[in-house]
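All remarks here apply to the structure that follows.
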Amino acid sequence: MTAQRSGGARLRTAARDLAMGGRFALSGRQGWVRTLLTAVGVGLGVAMLLLAASVPHIAQVRQERTHARDLNPSGDYGQGEKPGDRTLLAADAKTTYHGKEIYGYALQPEGKHPLVPPGIDALPAPGRMYVSPALKKLLRSDEGGELARRLDSRIVGTIGDEGLEGPQELAFYMGAEKLSPPGTGTARVTRIGDTEEGGPIPPVVVLLGVVACVVLLMPVAVFIGAAARFGGDRRDRRLAALRLVGADAAMARRVAAGESLVGAVLGLFFGAAVFALGRHLLGGVSLFGLSVFPSAVVPGLALGALIVLGVPVTAVAVSVFALRGVAIEPLGVVREAEPGRRRLWWRLLPPLAGALLLLPLSGEVENTPQGDVHEVQVVGGVLLLLSGVGLLLPWVVERLVARLNGGGVSGQLAVRRLQLNSGAATRAVSGITIAVAGAIALQMLFQGVAKETTVSTGDRADAQRIGVRYVPVGQSLTGSERLTAALRKTDGVRRATGYLESYQQLVGKDKYVAVGVGSCDTLREIAAVGSCRDGQSFRVEAPRGKGEVPPPPAGTKVRPDTEDDSQDSKPGHVWKVPASARTVTALPDIWGEDSFEGLLLTPGAMPKGVTDDAVYVGRVQLAAGNADALEHVRTTVFREDPAASVITFTGSERNGYFVMMQRVILAAAVGVMVLIGASLVISMLEQLRERKRQLAVLVAFGTRRTTLGASVLWQSAVPVVLGLVLASGFGMLLGWALLRLIDQPVADWLVFLPMAGVGAGLIAVVTLLSLPVLWRLMRPDGLRSE
Amino acid sequence: MMSTGTVPAADPTADTGVLLSANGLRKTYGTTPALDGADFAIRPGEIVAVMGPSGSGKSTLLHCLAGIVPPDEGQVRYAGRELSALSDAERSALRRSDFGFVFQFGQLVPELTCLENAALPLRLAGTRRKEAEAQAARWLERLEVDDVRHHRPGQVSGGQGQRVAVARALAGMPRVVFADEPTGALDSHNGERVMQLLTEAARETQAAVVLVTHESRVAAYSDREIVVRDGRARDMSAMAGAV
Amino acid sequence: MSISHALLGLLETGPRHGYDLKRTFDAKFGQDRPLHYGQVYSTMSRLLKNGLVEVEGIEPGEGPERKRYAITDAGITDVQQWLATPEKPEPYLQSTLYTKLVLALLTGRDGAALLDVQRAEHLRLMRELTRRKTEGDLADQLICDHALFHLEADLRWLETAAARLDKLAQEVRA
């Protein structure tokens with residue numbers, strides 16, 4: 001009975017103390033400022049968390065829309081379908097403009113009532129097109145001039161939101177009239193939209209997602225913790241005053257908890273408001289080619305609830321925990337004046353434990369649908385390893401700074417300050433170091449995964465070389481020759497060649513021969529054919545020593561390649577290598593690399609059906625120094641056939657899925673870093689304001705602004721540099737451990753450079769941003785007694 | 001040592017022998033006039049008390065005289081130079097080389113040791129660290145705080161801290177020491193000891209002292225006084241015998 | 001201050017000549033007003049009459065200063081009583097300064113000027129005392145401090161009065 005009553009009384013006391021803290025949080029200008037800072041900080045973190053919680057929904061909406069507008073849902077270009085009243089032909093006209101990808105199709109109805117892709121009311125007539133709002137804007141801008149030349153159809157409408165992946169997506173549907181029959185690049189559309197669910201997510205993707213979440217959200221948590229401590233020094237002094245009038249230590253702690261609770265709850269509301277507002281602004285933003293519809297940004301219910309409950313609890317826990325090592329005495333705040341030297345051993349335990357969790361999983365995550373990711377173990381390992389950065393940084397900074405002596409006055413001020421209390425400075429940067437370490441690990445994991453999913457094209461990267469591949473309408477030679485001529489006239493093109501090429505099978509053998517078709521002029525560029533008349537054919541041998549598959553002798557029976565079993569019923573037309581075929585030597589191609597080997601035919605010597613599966617093989621050599629040449633080539637090719645592919649030689653091709661994911665994560669990493677940068681600015685300003693009087697005194701002495709500015713820079717640079725070194729080490733350690741999960745070697749040990757650079761740049765920006773305030777605080781107002 | 005009988009009659013118009021002079025100084029913060037007219041002159045080696053009730057504009061006057069804030073109106077001349085004609089950087093350089101400062105509180109950099117604090121102005125003026133600290137150490141000895149030279153300001157008493165501040169102000173051998181309520185945070189015994197050491201050292205080095213205080217017992221260490229009331233500064237030695 | 005008690009107290013430390021007494025008194029207490037020989041002589045005869053001192057011996061030669069005085073037991077009791085009796089704090093209600101100030105205001109003169117001049121005078125004296133204090137021994141310091149604290153109090157009052165001159169002027173003229 002008594003125990004119960006005392007329990008109730010204790011509860012009432014606690015509630016009273018919390019309420020008192022709450023009142024402190026809102027009373028007086030200083031109280032307000034502190035609460036506001038915390039609220040803003042927590043709010044930004046909350047907004048970030050809400051955004052993260054919305055990612056599943058965003059992805060779902062995006063996927064739904066992508067599926068809904070799929071014009072080739074069966075994946076076979078509708079080659080087996082028959083034209084009908086509702087069918088249409090759709091040529092994949094996706095193009096690239098100065099690195100921006102543009103989604104687009106050329107559409108041609110085959111009946112009276114063709115299907116219509118989502119977002120537009122009717123199919124555009126030939127010479128007309130529907131464009132997305134962002135593309136419309138681009139086309140009308142100065143920088144879109146070349147693109148307007150490429151997409152020269154008249155705009156008759158805009159594509160509605162339901163037809164776009166994001167509000168900033170560049171997309172168009174243009175009308176066409178002479179599309180080739182279904183095949184590569186062109187599809188016969190009999191239904192629009194993919195109703196099938198995607199398969200299970202590959203384990204590697206799950207791994208990437210899990211690691212990305214941990215790596216991106218951990219700094220946000222650190223940030224929220226830092227925000228809960230904004231203005232802590234002043235708060236401590238107020239608590240000391242409270243102790244003077246009779247509060248005990250426990251009560252002071254409860255009051256502190258009450259104060260940060262108010263800040264956190266306000267932050268929660270603020271965060272919700274920022275999120276609601278940011279949602280709308282988000283529609284106008286495109287980061288790394290990604291944009292999101294505000295309506296899609298809806299946090300999941302469970303995650304949202306977790307945020308609403310978790311953030312205030314975290315904030316209170318952090319502020320109470322921060323009072324550890326601080327004795328609030330009635331006559332002031334006693335920080336452990338000479339705190340014991342930081343110990344190393346326990347700081348090493350979590351990262352070691354993390355490594356022990358991750359290492360046994362080596363090779364466990366296979367890139368197969370069946371692989372198990374061991375999410376819990378991975379998340380635990382990543383969290384523990386990353387926490388090592390935050391734990392070791394104070395120790396490293398303390399040890400190193402103790403040895404420094406500081407050169408000039410600015411260095412001395414900074415070093416002494418760090419020696420006395422490196423904790424505050426270190427705390428400020430620990431968030432960013434964790435973010436950098438995480439980003440490095442993520443980047444390494446990506447490179448490993450990318451390696452697994454990247455198809456090397458086996459080509460030398462060369463910005464001057466452009467390949468063109470397309471299937472001319474009706475495999476017509478005229479189209480092919482016309483494109484070559486147009487390419488030669490294109491601005492920025494030095495040389496261009498092109499011919500139709502197909503592969504033929506030697507009848508009865510498992511051997512193939514390349515057959516090139518073109519006018520005599522075209523053939524002369526391929527081989528030293530000498531005199532040439534229409535009707536002639538040539539056996540082309542590679543230059544001495546380079547040949548691999550010599551052309552078959554005259555009389556050899558050849559027929560179109562029938563790899564596809566379904567065509568066995570009607571085997572291709574068989575023909576013979578003409579006896580008149582002269583043997584000539586191939587010339588190196590215009591890139592000076594390969595040469596043709598096989599048969600060359602003039603149109604007159606072309607047997608029936610030989611071009612049925614021919615593609616145009618164009619080679620373009622750009623003139624050096626024309627930055628827009630590539631875009632001009634793309635325009636020329638697009639105008640010949642929107643479905644044609646322009647190939648640039650970057651040496652490799654990526655799996656689009658990972659490219660997309662990498663972009664999302666890059667965008668998020670940048671967001672997290674900016675957020676942490678904001679918290680750095682706040683804590684830096686706070687520190688400076690605490691030293692207002694001292695700064696004014698130093699100025700009275702005649703201290704140069706540059707001296708004080710340099711001192712501030714040193715003071716943040718030392719922990720930052722050490723932090724970045726530590727972050728790079730830990731990031732690579734974590735990256736290496738994660739790569740072992742998928743059994744990949746480290747692709748590039750220098751991967752830490754860009755991320756460390758971003759971190760360093762952020763610090764520079766923070767220092768730069770705090771300088772105006774430093775200048776302002778250096779005014780003599782600070783000398784006036786408070 | 002100067003005796004009271006030989007206090008030079010201050011004549012703002014005579015430039016000869018004048019080190020620092022104010023002429024029609026006015027300064028307004030926001031809408032409140034902090035300083036509303038000040039005319040006087042200070043000679044080399046003179047110790048002048050600036051007196052007046054709190055909020056009367058004493059500190060503003062000191063800040064204007066030291067070139068920390070520019071006056072809205074009027075001129076401050078130091079050694080023949082017009083302070084408001086100098087750039088901010090030039091005034092800073094002047095404060096480093098020619099002026100010393102003692103404030104009421106919160107002036108020592110808490111992270112630096114007392115010795116490093118005392119050596120700070122010398123170092124700012126370009127003296128090498130070893131040399132600066134050697135000089136500063138002599139001044140700490142002179143002000144009887146030699147024993148705390150390796151302590152941080154947080155570890156010494158208020159009186160010791162203030163002596164360190166005085167040592168710091170004098171270490172650079174300034175021609176003018178500006179002291180703004182230097183004893184304000186000290187008990188009367190400690191305060192008087194600090195004043196005694198400050199004035200003795202200043203007289204020895206021939207430094208002029210501008211001493212802002214509201215305590216007459218502190219002002220009694222001066223050669224003469226300037227009274228500021230409602231922003232108006234009056235040279236009392238000029239007033240003597242007016243009634 | 002009671003000179004007789006002060007001299008009696010000095011004699012308690014040992015017999016002295018009159019001239020010796022005067023010198024010791026001046027050195028210890030007489031910074032402002034040195035004693036006249038006559039004062040010492042007349043005080044001693046009064047103390048002799050009352051039996052508080054006695055003449056211990058007369059040196060050869062002429063004049064009262066040749067007498068060596070010593071304190072009697074009655075004298076020691078008297079000193080003891082004097083020291084044990086607290087001094088009455090002076091209320092200073094009859095202040096000349098205040099009178100002057102009120103009169104200046106009543107007659108329409110510049111009260112602030114009066115205060116400024118008075119302050120200058122006070123400070124002049126305080127400077128002198130401060131200098132004497134810094135040059136002198138501990139006794140000098142204590143005596144000068146006593147005076148300085150009183151002068152400071154006067155000045156504080158002057159400041160307070162100066163801050164409320166307008167109101168005072170109204171009341172005085174009402």
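Heavy-atom basis, side chains included; hydrogens, waters and symmetry copies ignored. Because the structure is predicted, anything quoted here is derived from the model rather than measured. Letters go in sequence order (proteins before strands), and every chain restarts at 1.
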- Considering non-hydrogen atoms only, spot the tightest contact between Phe101(B) and Ala700(A) and give its length. CE1-O, 2.9 Å
Is it the backbone or the side chain of [X] that comes under 4.5 Å from a heavy atom of chain A, or both, or neither?
X         : answer
Arg168(B) : side chain
Arg129(B) : side chain
Phe99(B)  : neither
Leu108(B) : backbone

- Query: Just by modelled atom types, is the Gly702(A) backbone N or O under 3.5 Å from a matching donor or acceptor in the Arg96(B) side chain?
  - Reply: yes
Is the closest side-chain heavy-atom distance between [X] and [Y] below 4.5 Å?
X         : Y         : answer
Val699(A) : Arg95(B)  : yes
Pro110(B) : Gln694(A) : yes
Leu120(B) : Leu698(A) : yes
Asp88(B)  : Arg705(A) : yes

- Rounded distance (nearest 0.5 Å) linking atom CZ of Arg123(B) with atom OG1 of Thr703(A):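 Rounded to the nearest 0.5 Å, the CZ-OG1 separation comes to 12.0 Å.
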- Most contacts with chain A, counted as non-hydrogen pairs under 4.5 angstrom, among Gln107(B), Arg128(B), Glu181(B), Glu116(B):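 Ranked by heavy-atom pairs under 4.5 Å with chain A, first place is Glu116(B).
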- Query: Only one of Arg417(A), Arg416(A), Gln412(A) clears side chain to side chain donor-acceptor pair (under 3.5 Å) with Glu111(B); which?
  - Reply: Arg417(A)
- Message: With a sphere of 6.0 Å drawn around CZ of Arg704(A), does it hold more than 12 non-hydrogen atoms of other residues, nucleotides or ligands?
- Response: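 Open: at most 12 neighbouring heavy atoms sit under 6.0 Å from CZ of Arg704(A).
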